[in-house]
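The analysis underlying the following values was restricted to heavy atoms, covering all of them including side chains, and did not include hydrogens, waters or symmetry mates.
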Amino acid sequence: MSEGDLSTRRSFLKAGAVLSAPLAAMPGAAFASDGSTARLARFEDENAIRVLHEDWLRNINAKAANNKPLALFDAGASSSEDEIRSIAASLSGPPDKIKLGADGRSATGRFRCTIEIERPIAKNCTLAQMAYLQGGGFVRRIESRVLMVDYAKAGVSWSITRVKLVVAHV
Amino acid sequence: MSGTPYPKAQMHRIAYSRLSARDIESKLSKAWPDGPACHSQSSDVLAGKSISIITDEGLKLSYDFRSKNRLTVSENGGAAAAAGYGALTLDRLVVFTHLIPGTQRGYAVVVDQDAGLATVFELWFSGYQDNREVQREIYHGYVERTGRKPPEARHVASNRMEGHGYHWTQDNGIETLEFYPSAAYSHFVELTRFGGELGFSAPSDYIKIDTGFFIYTRTECEFSGIFTLYVIDLNLSEQAGFRLGVDANDALEYYMFRGKGEWLGQLAHFEKFGDVKGDVLPVPVENGKPPAKGARAVYRPLKTMDKMSRTEVDALVKRKTTFARTSEMAGNGDPPTDYLAGKRLTLRYDHAPAMEYRFDDSETMHWRKHGSTRWTKAPYIAWESMPGVIVFGHLLEGEPNHDGHSVVVDFHQGLVTCFNGYLNTPYFANEAGVRTLFGVIEMEGLIPPVYRRHQFSDDLVGRAITWEYSPGITSMHLYSTPHTTSWTIFTEAGAGGMEWSGIGAFVKIREGLYFAYWLEEACNGVLGTILINLHTMHDAGVSYKCNKDGLNMHPIGALGRHVGKFDIARYFEVKSSGRTA
């Protein structure tokens, strides 16, 4: 990356922090004579989605910290008894992808992550009873997944319309 | 008077009387004035001193020790109460205990005279459904010293006692074997009081004073409810402490003791290196409320087990009997064998009717008792644990006590041993009982021995093995007496957590191959039978149980890890004097 690229990117981010809502509200092609305005809008949308994703991750893990399993559809689940206890962003593998729809009002995200899965053990033996009494009674494991998220833009705000976990293929 | 060391009933079978709070207060009132008895000379180290103990939890105790056995105590600045007390020293440590007159409460305090640290145990009766069970709350703090800054260090709960075992001889002649296979429970064998037939398990505290000294407690929950506390000098293997509670004869036990120990070794433990945390079990909370004072995780199997009458059992077994081929207790089991398929043989037991078998295939056979003309078809499951040694299990439909057989047959030796489970036992009809049957195999082409039989063995006594049945279902067996199997459950961090114990027996089949059972008397009534192969560290067997879900036999199969062995068989040998302990 050149020095010129850096300054450009910094200025975009700075502008985006202040102007994201009005710019995002503008039609993408309105000032697109040289393409820079469209690129700015796209970066801002991607940034907003990234922030939204991070907030969502924080919120959902906070819920999990209250001992509530996460109600997410996991296409990779091997048992209906599996409960997702936490999701952590993964920095390994290919980078995350956010793809904006042509209409500028929809987007999809693919985020690599690891999920902590808990499966309760059946309470039908003495050992299991004792395990439950001492706060156990489950088996935990960590597995890799990809979070497939659909987004929609209403007005100037992005929101999540669907989340699903799929098995990560390297 | 029998003259033997054995009680009329073992601890788990004693019908401890339901004492009222008034009963207990009456018993305690006799001990308020004088404090605990003490066989050894009690210490006068505190006589003439006044100390205040400040704890982090807010409790403040101010003491005036008027003499070596009289004190006054003020709780949180309240009016001073006069009581008898007892004190013993162990190196620089003092342990003293007293009751609060007019109450069912008392205290035990351990003071490190050099460091100025103190740990306080508030003790009380009538704090649980069973009034006799002594409750405890632990406070960590220090001795207030005028003009000196309070120390920052504290005595702390620790797992560093985990795995140790001792033979203790108290100054009053009481001998025990005590094992600490968990960071939250302990296991004890009363050699003197109960003749050492069985070991029992109890919730315990382990508090580190420093590397060489620990405080240990246990409360005999589900039994007498007696509380024991002592400090241990790990280097000298000495103890000093006391017991408080009401025994099986409803007599108050409140006495201090000293003891000399023999360190028996240490079992491995399974926390990550660097993890020395104590207090490994979460304190139970109800409806999100803060934990009650003294709350702790306690396994109470007698309270929670299904209890059924003979009529209920007979009706249920007719309706619901299951022979399962899979189980969470066999997630790590080996595949079954078809070794027996097509064989026809008789198992001739020395003291029970012979059993004739026709094995149709690897899952189905017909059996009949010798003398009967009627064959009964039954499912069975079998494993070849060592070449030529098969363990198999089946239920005996139609038997009046709904028997199940777990059988080991050694075709190289022509020998058989059977753990014969049955129901309709005296305490709860659905609680399994068990007989051990020895005998020989009779079949074409096989000549069995005339005199030789498998034998009960003490080889496993003192040994501990972890058994991982399935992911999340792992326990550690400790065979603490020739008749006890205890099991400890691990926490997620690998610490020893809850522990319980049942009856056990161990039969040597071959070198390194033992047929064992555990019987969950006054627990869930389960009979677990396993053929333990110490060469492969794998087991195989069947479980036989009856509860509200019906009569059930299912497989057991687990991966083992050897944890260690205490050299304790010598404590169970009957000496020429006629005594064991």
Side-chain angles (χ1 to χ4, degrees), chain A residues 57-72 74-90 92 113-145 165 167-168, chain B residues 182-185 201 203 280-285 288 296-301 304-305 322 324 327-331 467-477 487-502 518 520 523-526 528 543 545 547 549 552 554 556 558:
Chain A
L57 261 186
R58 265 189 289 276
N59 286 337
I60 206 160
N61 282 318
K63 276 185 194 168
N66 291 329
N67 213 24
K68 287 180 187 155
L70 305 181
L72 289 176
D74 179 14
S78 53
S79 164
S80 60
E81 292 183 325
D82 283 354
E83 293 179 345
I84 301 168
R85 307 307 304 198
S86 66
I87 304 178
S90 172
S92 62
C113 63
T114 55
I115 59 172
E116 186 182 34
I117 301 166
E118 192 174 284
R119 183 181 297 179
I121 56 178
K123 279 187 188 172
N124 57 4
C125 68
T126 299
L127 302 186
Q129 287 171 5
M130 294 172 77
Y132 274 92
L133 275 172
Q134 64 180 33
F138 51 80
V139 179
R140 280 190 180 148
R141 65 187 194 277
I142 305 269
E143 290 186 3
S144 293
R145 292 284 190 278
L165 289 159
V167 174
Chain B
S182 154
Y185 261 69
S201 305
V280 296
L281 298 187
V283 174
V285 289
R296 72 192 319 181
V298 178
Y299 186 46
R300 300 188 186 279
T304 53
M305 74 176 279
T322 313
S327 159
E328 301 234 336
M329 289 287 282
W467 292 115
E468 186 192 356
Y469 303 93
S470 285
I473 303 185
T474 303
S475 75
M476 179 175 73
H477 281 181
W487 57 92
T488 300
I489 309 299
F490 296 99
T491 68
E492 202 186 359
M498 285 189 165
E499 184 187 10
W500 206 245
S501 27
W518 70 89
E520 300 179 13
C523 182
N524 287 324
V526 178
S543 164
K545 70 177 176 189
N547 58 20
D549 295 329
N552 175 276
H554 66 70
I556 298 175

Check whether Phe490(B) gets within reach of chain A through its side chain, its backbone, both or neither, counting any heavy atom under 4.5 Å. backbone

Are any side-chain N or O atoms of Ser182(B) and backbone N or O atoms of Gly496(B), one a donor and one an acceptor, separated by less than 3.5 Å? yes

Can you tell me how the ring of Tyr299(B) sits relative to the ring of Trp500(B), calling it parallel under 30°, perpendicular over 60° and tilted otherwise? perpendicular

Test Ser86(A) against every option in Ile142(A), Leu57(A), Asn61(A) by the side-chain contact (heavy atoms from CB on, under 4.5 Å) rule and name the one that passes. Asn61(A)

Output the option from Pro471(B), Pro284(B), Ser327(B) having the highest count of non-hydrogen pairs under 4.5 Å with chain A. Pro471(B)

Partner chain A: residue of Val298(B), Asn524(B), Val526(B) with the largest heavy-atom pair count (under 4.5 Å): Asn524(B)

Can you say whether Arg119(A) sits under 4.5 Å from chain B via the side chain, the backbone, both, or neither, judging by heavy atoms? neither

Using non-hydrogen atoms only, which part of Leu281(B) is less than 4.5 Å away from chain A: side chain, backbone, both, or neither? side chain

Looking only at Cys523(B), Pro282(B), Pro301(B), Ser543(B), the option with the highest number of non-hydrogen pairs under 4.5 Å against chain A is Pro282(B)

Short question: side chain of Thr322(B), backbone of Ala324(B) - any donor-acceptor pair under 3.5 Å? no

Go through the atoms of Met329(B) and report whether side chain, backbone, both or neither lie under 4.5 Å from a heavy atom of chain A. side chain

Going from CZ on Arg85(A) to CD on Glu118(A), what distance comes out if it is rounded to the nearest 0.5 angstrom? 4.5 Å

Charged N to carboxylate O below 4.0 Å: is that the case for Lys545(B) and Glu520(B)? no

Answer with side chain, backbone, both or neither: which region of Glu499(B) has an atom nearer than 4.5 Å to a non-hydrogen atom of chain A? backbone

